[in-house]
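Just so you know, ligand 1 is whichever comes first in the structure, and atom 1 is the first atom listed for that ligand. Quick caveat, the model's predicted, so the values are computed rather than measured.
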Amino acid sequence: MTLSNFLTNFDLDMETLIKILDYSSDEIFVLDKNMKIIYVNDACKKHYGLNKEEVMGKLSLELVDKGYWYPSIFPDILERKEPIMIKQTTVLGAELLTSAIPILNEKKEVELVVTTARELQSYKMLKVKEKDSDQSKETEDPFASIITNNEKMKNVLKFAKKVAAANSTILILGESGTGKSVLAQYVHENGSRKNGPFLTINCAAIPADLIESELFGYTPGAFTNANRSGKKGLLESVDGGTLFLDEIGDMPLSLQAKILQVIQEKKFIPIGGNKEKMVDIRIIAATNKDLNEMVANKTFREDLYYRLNVVDITMLPLRDRQEDISPLTYYFLYKFNRKNEMNKLISKDCLQWLTYYSWPGNVRQLENLIERLVITSDDVIGIDDLPEGIYNHSQLKIGKNAPTSLNEAIELAKKEMVLTSYKLNRSSRRVAKDLQISQTHAAKLIREYCQDLQED
Ligand SMILES: Nc1ncnc2c1ncn2[C@@H]1O[C@H](COP(=O)(O)OP(=O)(O)OP(=O)(O)O)[C@@H](O)[C@H]1O
Ligand SMILES: [Mg+2]
């Protein structure tokens, strides 16, 4: 039966057929002989964070070059002209099992390539279910790398990879929630110590004396309440690995001196002891505080600052990498759908709304929001599901009311200036002075624009 016969027999039109294909959880991908993508179904969204429209019509290699997935199935398929199956990794970190089938013409040239891709994770999940255990659900995150689409961030990662190979101390800076802890882990995993231990100490969360005894350990009878046989410090357990000192700006001064010694001389003395112990530890530190200012205020040791700052890496705030919002959103959607055994989608409008929000809490805020939306929304997360704070503050909303002519823009700016000045000054005389206009003019503008304010 031909396809058109099939369609007429079942009274299906093309639109319905495309709808059916979109319901497939496997990705279906068709290329012409020039390797141009002539069809892809909706599954591309969850695999690459791209909409169909952004994929169709593009050359497959163009998207491979941009890093949306790798490796490419070419030139293999063109050379072998027979079905192949490979594992691919996407920009969102999904691992796909992709099978490609070439369709040949009479001259045995490749006319079309039909590709289907399914997430390997779904096979793994089946296996876990067979074993009747879900232990790997939390731990086996298929997204082992850091998600980004932003050129500056890609350079940050490239740089981090480079310095990971050396053994130097690294200071990671950036606003809260930008991914400093994720980067620390990334450095560890890309360095020569990747098989050694990685330990995080959060200097803000643990009381100073506890950090000290945990890190350095103590000798028998070092202090009252101390364990009688003494205690081995964490520094010894991290020997050969990486110690990540998170929120180092909150580390007390007394401890700063001891840490400096570990970095400089690779040795330390347990509390109550007198014998030095040697350790080989790489230190990565992170903070969202301004250490420079802390040095000036003498709340952070200058020598430790310079020692840590040999290599510094700054994570960009999310608002400065808008192109990351879409892939991150899809990644978190995938993550929380999986965690909650759901299959929520997100509308295009809603995604746009998220893109134009300023994200003061950065990636963590986005992650928390998606977790909440997956649980609270209906099948498709839409603009109406957004909390008011995000809805009202998305630039898109402001953008929707944006002026369309120069005169309208001037009028809006004028109104904004008068309103702001009047709110601050509350008198036509002071507004006149502030805006460098005559008092009569100011009074007229206030009557025009600030009616609401005058009444209350
Ligand atoms: N590029 C990224 N890809 C995937 N997940 C990310 C990325 N960046 C951050 N995250 C996730 O966002 C959350 C916040 O990241 P992280 O804890 O590394 O931020 P931070 O800068 O250390 O924040 P804080 O200063 O508050 O400690 C984490 O759950 C992390 O897994
Ligand atoms: Mg952190």
Side-chain angles (χ1 to χ4, degrees), residues 46-49 67-68 89-95 121 137-161 164 170-190 198-206 211 242-251 283-291 294 308 312-340 354-355 357 359-374:
K46 62 175 183 197
H47 290 166
Y48 322 111
Y68 282 103
T89 306
T90 77
V91 67
L92 295 186
E95 287 189 317
Q121 197 59 32
K137 241 180 152 184
E138 272 296 332
T139 49
E140 241 189 68
D141 193 336
F143 303 95
S145 56
I146 298 181
I147 293 169
T148 189
N149 247 341
N150 173 277
E151 282 311 311
K152 279 191 189 155
M153 275 295 291
K154 281 186 193 163
N155 286 336
V156 165
L157 293 186
K158 223 187 265 170
F159 179 70
K161 213 168 197 170
I170 296 175
L171 179 62
I172 306 174
L173 302 167
E175 289 177 18
S176 182
T178 46
K180 297 187 293 297
S181 303
V182 190
L183 190 79
Q185 183 91 38
Y186 179 83
V187 168
H188 173 73
E189 275 159 18
N190 281 286
F198 176 87
L199 176 78
T200 301
I201 299 274
N202 187 322
C203 306
I206 312 174
I211 306 182
T242 307
L243 174 65
F244 175 43
L245 296 171
D246 204 0
E247 319 283 357
I248 190 130
D250 293 276
M251 181 181 270
I283 291 190
I284 302 178
T287 184
N288 52 26
K289 299 218 162 138
D290 183 350
L291 289 186
M294 290 184 72
L308 291 174
D312 64 340
I313 303 180
T314 303
M315 297 299 278
L316 294 180
L318 193 54
R319 63 181 167 280
D320 290 346
R321 41 178 165 125
Q322 273 187 338
E323 54 275 71
D324 279 355
I325 293 173
S326 165
L328 281 169
T329 301
Y330 282 115
Y331 161 51
F332 293 133
L333 199 60
Y334 173 91
K335 176 172 161 180
F336 295 115
N337 267 333
R338 212 174 114 225
K339 185 174 163 196
N340 299 297
L354 297 183
T355 310
Y357 176 64
W359 301 108
N362 296 299
V363 186
R364 179 175 298 110
Q365 187 188 4
L366 176 63
E367 179 172 18
N368 292 345
L369 175 75
I370 302 298
E371 176 162 27
R372 181 181 138 176
L373 291 175
V374 163

Does Leu183 reach ligand 1, in the sense of a heavy atom lying below 4.0 Å from it? no
Quick check on side chain to side chain contact (heavy atoms under 4.5 Å, CB included): which of Asn150, Leu354, Val363 does Ile325 satisfy it with? Leu354
Is Ser176 close enough that one of its N/O/S atoms sits under 2.8 Å from the Mg ion (ligand 2)? no
Leu328-ligand 1 polar pair, N/O distance under 3.5 Å: no
The reported gap from CG in Asn149 to CG in Asp324 (rounded to nearest 0.5 angstrom) is 6.0 Å
List the atom of Asp246, the atom of Ser181, and the distance in Å for their closest heavy-atom pair. OD2-OG, 3.3 Å
Using heavy-atom distances only, which candidate in Asn288, Asn149, Thr178, Ile147 approaches atom 3 (N) of ligand 1 most closely? Ile147
Taking N or O atoms only and a 3.5 Å limit, does Val363 qualify as a polar contact for ligand 1? no
Output yes when the distance from some N or O of ligand 1 to some N or O of Gly177 is under 3.5 Å, and no in every other case. yes
Carefully, step by step, assess Asp250 and Lys289 under the rule salt bridge (Lys or Arg N to Asp or Glu O under 4.0 Å). CA-CA 9 Å; Asp250 293 276; Lys289 299 218 162 138; 2.9 Å; yes
Testing the basics here: between Gly179 and Met315, what is the closest heavy-atom pair and its distance to 0.1 Å? O-CE, 3.5 Å
Just checking, is any N or O donor in the side chain of Asn362 or Ser176 under 3.5 Å from an acceptor N or O on the other one? no
Would you mind running through ligand 1 and noting each atom that sits below 4.0 Å from a heavy atom of Tyr331? 4 (C), 5 (N)
Distance-only N or O hit between ligand 1 and Arg321, under 3.5 Å: no
For Gln185, check side chain to side chain contact (heavy atoms under 4.5 Å, CB included) against everything at least two apart and list the hits. Glu189, Phe198
Does ligand 1 have an atom that lies less than 4.0 angstrom from a heavy atom of Ile146? yes
Any atom of ligand 1 sitting under 4.0 Å from a heavy atom of Glu247? yes
Using distance alone, determine whether Lys180 and ligand 1 share an N or O pair under 3.5 Å. yes
Side chain to side chain contact (heavy atoms under 4.5 Å, CB included) with Pro360: which of Arg319, Gln365, Glu175? Gln365
